[in-house]
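All remarks here apply to the structure that follows.
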Amino acid sequence: MGLVAALLEILQRPTFGEVILELGMFMAPIWIAVLVGVLVGWSWKPKWANLAIDSVPTTNVPALQNLSFGFSTLKLQVPSWIKETHSPPSISSSTSSSLQLEAKKSVVTDADLRYLDGLVEEQDGGPAWIQMMDRSTPNMSYQAWRRDPETGPPQYRSRTVYEDATPEMLRDFFWDDEFRLKWDDMLIHAETLEECPTTGTMVVQWVRKFPFFCSDREYIIGRRIWESGRTYYCVTKGVPCSSVPRRNKPRRVDLYYSSWFIRAAESKRDGRMTACEVLLFHYEDMGIPWEIAKLGVRQGMWGAVRKIDPGLRAYQKHRASGDPISRCAFMAQVNTKVDIENLRSMGSETNLSEIEPEDSPEKPAGRNIPRFLVVGGAIALACSLDRGLLTKAVIFGVARRFAGIGKRL
């Protein structure tokens, strides 16, 4: 009651200026406490957080896999602008060139193909898709959907039709890490760790650059392409890799899925099959509350998508020049031939929900978060949680929304 009485007394001040001044003095201790709590949370790190969970072999023990996932999410790090920088972890070129996937079980299997096909046919057993965008330019049209599974982060589905492009060109374009470094300004490091010349399976390492308030993010990605006629199923997902040790910086993204379905399509200009349709399915652990992530995606998605088309047109000119193709582009042409109808008939009794990766964190309870906690917590959580990727759309989308709030104040 004492706080209520003090607040009522402040509101009874004769002038508006005095009320604002008194409220500022009244709230100052609370905000100081919040800031102190954030700083303590950033700097505190118990010794048990350094336990080498990743060294425990959990491949065949689901319980330990879940324990490892949940345990490592508890690690808290000092903000990235306080700590010294580290060079991206990688294996030596001599080691990477000798590694082959033929000698061990493939990291991307037919189960991943069946899962992607289920997503394409909308028969994966997941919730319905909600449309969130429909945009176009003279050279491309774009549609996007979102859905919220019971567990795990939000999932996104998009359909893009590129004019004057072939499925083979889009397949090579998305696979060519060497050229991606030229048009994707977030990618600062790309390296092939392992490859299989028979199936075309690759394990690659990416490091993405983020603004000063977030550390860089590292991906270890397994990828493979299946071909059915001139239709391509391109699977990329996060995979474990003991050859590259886990480090504090860049922070490794474990839960990652981004796969394409590519085929020829009718051109909106003349109806001929000179365009190319790309269905993309994407989700990842962003390391921030998923409601904030969805806000950022809504604000920044179209701006990020529009930058892909200029990169594609530059790639078409590069390939037309006759220059030698990169190793990644060459591997994109090593595909596994598949009869998709036969695959569907063999897997008709398979529950696709059992194929989907099960290491997704559970959805946090409660969606009605106070606005000041959303604004303050977004940056704090993004910089302190040791898991997940804050994507380009989230970073700039949330930043744009926060900037709008600041202008109105």
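Only heavy atoms go into these numbers, but all of them, side chains included; no hydrogens, no water, no symmetry mates. As the structure is a computational prediction, the values presented were derived from the model and not from experiment.
- The local environment of NZ in Lys317 is sparse, with at most 12 non-hydrogen atoms from other residues, nucleotides or ligands closer than 6.0 Å.
- At least one side-chain heavy atom of Cys328 sits less than 4.5 Å from a side-chain heavy atom of Met202.
- In this structure, OG in Ser259 is found 5.5 Å from CG in Leu116, a value given to the nearest 0.5 Å.
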**Request:** I would like to know whether Asp254 and Arg246 meet salt bridge (charged side-chain N to carboxylate O under 4.0 Å, His left out); could you show each step before the answer?
**Result:** CA-CA 11 Å; Asp254 293 303; Arg246 187 183 298 273; 3.1 Å; yes

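- Residues Ser267 and Thr274 share a closest heavy-atom pair of CB-OG1, 3.4 Å.
- To the nearest 0.5 Å, atom NZ of residue Lys268 and atom OG of residue Ser141 are 5.5 Å apart.
- Arg146 forms no cation-pi arrangement with Trp129, by the criterion of a distance under 6.0 Å to the ring centre and an angle within 45° of the ring axis.
- One N or O on the side chain of Asn335 and one on the backbone of Ala332 form a donor-acceptor pair closer than 3.5 Å.
- Remark: the Asn139 side chain and the Thr137 side chain contain no N/O donor-acceptor pair separated by less than 3.5 Å.
- Using bins of under 30°, 30° to 60° and over 60° for the plane-to-plane angle, the ring pair Tyr257/Tyr283 lands in the parallel bin.
- Ile308 has its side chain out of reach of Met140: every pair of non-hydrogen atoms, C-beta onward, lies at least 4.5 Å apart.
- Residues Ile325 and Gln333 meet the side-chain proximity criterion, which asks for heavy atoms closer than 4.5 Å.
- Nearest heavy atom pair, residue Glu178 against residue Ser326, reads OE1-CB, 3.5 Å.
- A salt bridge does not link Arg313 to Asp164: none of the charged nitrogens lies less than 4.0 Å from a carboxylate oxygen.
- Atom CD1 of Ile220 sits about 9.5 Å away from atom CD of Glu194, to the nearest 0.5 Å.
- Distance check, rounded to the nearest 0.5 Å: CZ of Phe174 to CZ of Arg180 gives 7.5 Å.
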**Message:** Quick one, Glu277 with Tyr162, criterion side chain to side chain donor-acceptor pair (under 3.5 Å). Give me CA distance, side-chain angles, the key distance, then yes/no.
**Reply:** CA-CA 7 Å; Glu277 176 189 29; Tyr162 296 94; over 6 Å; no

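- Counting heavy atoms from C-beta outward, Arg230 and Thr166 have side chains that approach closer than 4.5 Å.
- Using a 4.5 Å heavy-atom cutoff, the side chains of Leu170 and Leu312 are in contact.
- Residues Arg224 and Trp175 approach most closely at N-CZ2, 3.6 Å, considering heavy atoms.
- Salt bridge annotation for Asp134-Arg159: absent, with no cationic side-chain nitrogen under 4.0 angstrom from a carboxylate oxygen.
- Aromatic ring pairs are classed by plane angle as parallel below 30°, tilted from 30° to 60° and perpendicular above 60°; the pair Tyr256 and His282 is perpendicular.
- Contact between Pro149 and Gln155 at its shortest, heavy atoms only, is CG-NE2, 3.8 Å.
- Nearest heavy-atom pair, Glu163 versus Pro138, reported as atom, atom and distance to 0.1 Å: CG-O, 4.0 Å.
- If you take CD on Gln143 and CG on Leu279, they are separated by 10.0 Å, rounding to the nearest 0.5 Å.
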**Message:** Determine whether Asp339 and Arg344 satisfy the following criterion, salt bridge (charged side-chain N to carboxylate O under 4.0 Å, His left out), listing intermediate values before the conclusion.
**Reply:** CA-CA 9 Å; Asp339 184 338; Arg344 290 169 183 169; over 6 Å; no

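- With Arg147 contributing its side chain and Pro127 its backbone, the two residues share a donor-acceptor pair below 3.5 Å.
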**Prompt:** Hey, mind stepping through Val239 and Ile221 against side-chain contact (heavy atoms from CB on, under 4.5 Å) and telling me if it holds?
**Reply:** CA-CA 6 Å; Val239 297; Ile221 299 172; over 6 Å; no

**Asked** Where do Leu193 and Val204 land on the side-chain contact (heavy atoms from CB on, under 4.5 Å) test, with the steps shown first?
**Response** CA-CA 5 Å; Leu193 304 180; Val204 299; 5.9 Å; no

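- Between Tyr142 and Met301 the shortest side-chain heavy-atom distance falls below 4.5 Å.
- Scanning all heavy atoms of the two residues, the minimum distance from Leu181 to Ile188 falls at CD2-C, 4.1 Å.
- Ring centroids of Trp145 and Tyr156 are separated by 6.0 Å or more, keeping the two rings apart.
- Salt-bridge annotation for Lys307 and Asp184: absent, with no side-chain N of the basic residue lying under 4.0 Å from a carboxylate O of the acidic one.
- One finds no salt bridge joining Arg327 and Asp177 here, because no Lys/Arg side-chain nitrogen approaches an Asp/Glu carboxylate oxygen to under 4.0 Å.
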**Request:** Decide side-chain contact (heavy atoms from CB on, under 4.5 Å) for Asp112 and Lys237; before the verdict, give the C-alpha distance in whole Å, the side-chain angles of both, and the deciding distance to 0.1 Å.
**Result:** CA-CA 9 Å; Asp112 297 296; Lys237 65 176 187 176; 3.0 Å; yes

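- Two residues are said to be in side-chain contact when any heavy atoms from C-beta on lie closer than 4.5 Å; Ile262 and Glu168 fail this criterion.
- One distance of note links OG1 of Thr236 with CG of Leu280; it measures 8.5 Å at 0.5 Å rounding.
- Cation-pi check for Arg171 over Tyr232 is met; the charged atom lies under 6.0 angstrom from the ring centroid and within 45 degrees of its normal.
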**Request:** Take Glu218 and Arg247 through the salt bridge (charged side-chain N to carboxylate O under 4.0 Å, His left out) test and state the conclusion after the steps.
**Result:** CA-CA 10 Å; Glu218 176 196 39; Arg247 301 185 184 182; over 6 Å; no

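- A donor-acceptor contact shorter than 3.5 Å links the side chain of Asp176 to the backbone of Phe179.
- Counting heavy atoms from C-beta on, the side chains of Trp183 and Phe173 come closer than 4.5 Å.
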**Trace of the side-chain contact (heavy atoms from CB on, under 4.5 Å) decision for His189 with Lys209** = CA-CA 9 Å; His189 177 81; Lys209 181 67 176 178; over 6 Å; no

